[in-house]
Colleague: 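Sharing a structure here in structure tokens format.
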Amino acid sequence: YLPAGCKWYDWNNNFTCYEGGQTIEVPVTLETIPMFLREGAIVPMALNQLMSMERDHATGLHITMVPGEERTYVLYDDDGHSEDYLQGAYARTHIHVESGERTAITFRTEGTYPQTVERLTLRLVSRQKGACWVSVDGKRIPRFLVREGWEEADAGWYYNLTDRTVWVKCPKPDAREYQIVVSAEKFDL
């Protein structure tokens, strides 16, 4: 049963959208776990990185989000070993998302723990249409029509027609506050 009051997106089925307030049946195998994202969801994950005793922090961050209502997510990090966080040795990153013709994702970090993330990858569900342009910290990044070109690039964005998501990747700006904007404004070819 998907609770009423918002839309839900099936992560494992190309982000198929369902209205809340209904029961959905999905085929499940031992290899799959059903996962539905509520409109407004922000899901951060370490980017394909195994932790070890030598490297216990993520250098890549992947965020999947379903823009909807204005939302803020707080991502917390510290050394995980000591009580240095009591003296401010932590990083609390507020990820604030405002949706509309432009989806503005603002990152604001507080605390003294050194930021370890070097690369960002975002995946925004955009069922209605793709983006017109994307900017990182006020600078537009290139658009790729072919996924392979996007994968090879250091920074850029790509609209995946299969699951109707905008993929953005870039080096993390060296700032305690920065913004990524995905514009879906109307444009004339």
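The model shown is predicted, which means the values in this text are computed figures rather than measured ones.
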Colleague: Between I95 and I42, which heavy-atom pair has the shortest distance, and what is it?
Modeller: O-CD1, 4.1 Å
Colleague: Hey, do the aromatic rings of W167 and Y158 have their centres closer than 6.0 Å?
Modeller: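 Close enough - the centres of the two rings lie under 6.0 Å apart.
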Colleague: Flag the pair V181 / W133 as yes when at least one side-chain heavy-atom distance between them is below 4.5 Å, and no otherwise.
Modeller: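 A side-chain contact exists here, since the closest heavy-atom pair is under 4.5 Å.
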Colleague: So, taking the atom named CZ in R92 and the one named CD in E110, what distance separates them when rounded to the nearest 0.5 Å?
Modeller: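 Spacing of CZ (R92) from CD (E110) equals 5.0 Å.
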Colleague: Are D154 and R119 close enough, and set up right, to give a side chain to side chain contact (heavy atoms under 4.5 Å, CB included), and what steps lead you there?
Modeller: CA-CA 9 Å; D154 184 49; R119 302 212 39 84; 3.1 Å; yes
Colleague: Minimum heavy-atom separation for E39 to G68, with atom names?
Modeller: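 Closest pair (atom of E39, atom of G68, distance): CG-CA, 3.8 Å.
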Colleague: Should D84 and D78 count as side-chain neighbours, where that means a heavy-atom distance under 4.5 Å?
Modeller: no
Colleague: Inspect the surroundings of CD in E101 and state if more than 12 heavy atoms from other residues, nucleotides or ligands are less than 6.0 Å away.
Modeller: yes
Colleague: Might you point out which heavy atoms bring A153 and F144 nearest each other, and give the distance in Å?
Modeller: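 Shortest heavy-atom contact: CB-CZ, 3.4 Å.
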Colleague: Test side chain to side chain contact (heavy atoms under 4.5 Å, CB included) on V26 and N13 and set out the steps.
Modeller: CA-CA 9 Å; V26 293; N13 189 18; over 6 Å; no
Colleague: Hey, are the side chains of V117 and T93 touching, using non-hydrogen atoms and a 4.5 Å cut-off?
Modeller: no
Colleague: Mind checking whether F15 and R164 have side chains closer than 4.5 Å, heavy atoms only?
Modeller: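 Side-chain contact under 4.5 Å: no.
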Colleague: Show the nearest heavy-atom pair for residues L124 and P67, with the distance to one decimal.
Modeller: CD2-CG, 4.0 Å
Colleague: Run the side chain to side chain contact (heavy atoms under 4.5 Å, CB included) test on V182 and W157 for me, step by step, so that the C-alpha distance in whole Å, both residues' side-chain angles and the decisive distance to 0.1 Å come before the verdict.
Modeller: CA-CA 9 Å; V182 178; W157 68 276; over 6 Å; no
Colleague: Answer yes or no: are there more than 12 heavy-atom neighbours, outside L86 itself, under 6.0 Å from its atom CG?
Modeller: yes
Colleague: Taking all non-hydrogen atoms of both residues, which atom of H94 and which atom of V74 are closest, and how far apart?
Modeller: ND1-CG2, 3.6 Å
Colleague: State, with a plain yes or no, whether a side-chain heavy atom of Y159 is found less than 4.5 Å away from one of R143.
Modeller: no
Colleague: Quick one, L61 and K172 - any side-chain contact, counting heavy atoms below 4.5 Å?
Modeller: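 When only atoms from C-beta onward are counted, K172 and L61 do not touch, as no gap falls below 4.5 Å.
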Colleague: Would you indicate whether the side-chain heavy atoms of F107 and I180 approach each other to under 4.5 Å?
Modeller: yes
Colleague: Please check if the number of heavy atoms outside Q87 that lie under 6.0 Å from its CD is greater than 12.
Modeller: yes
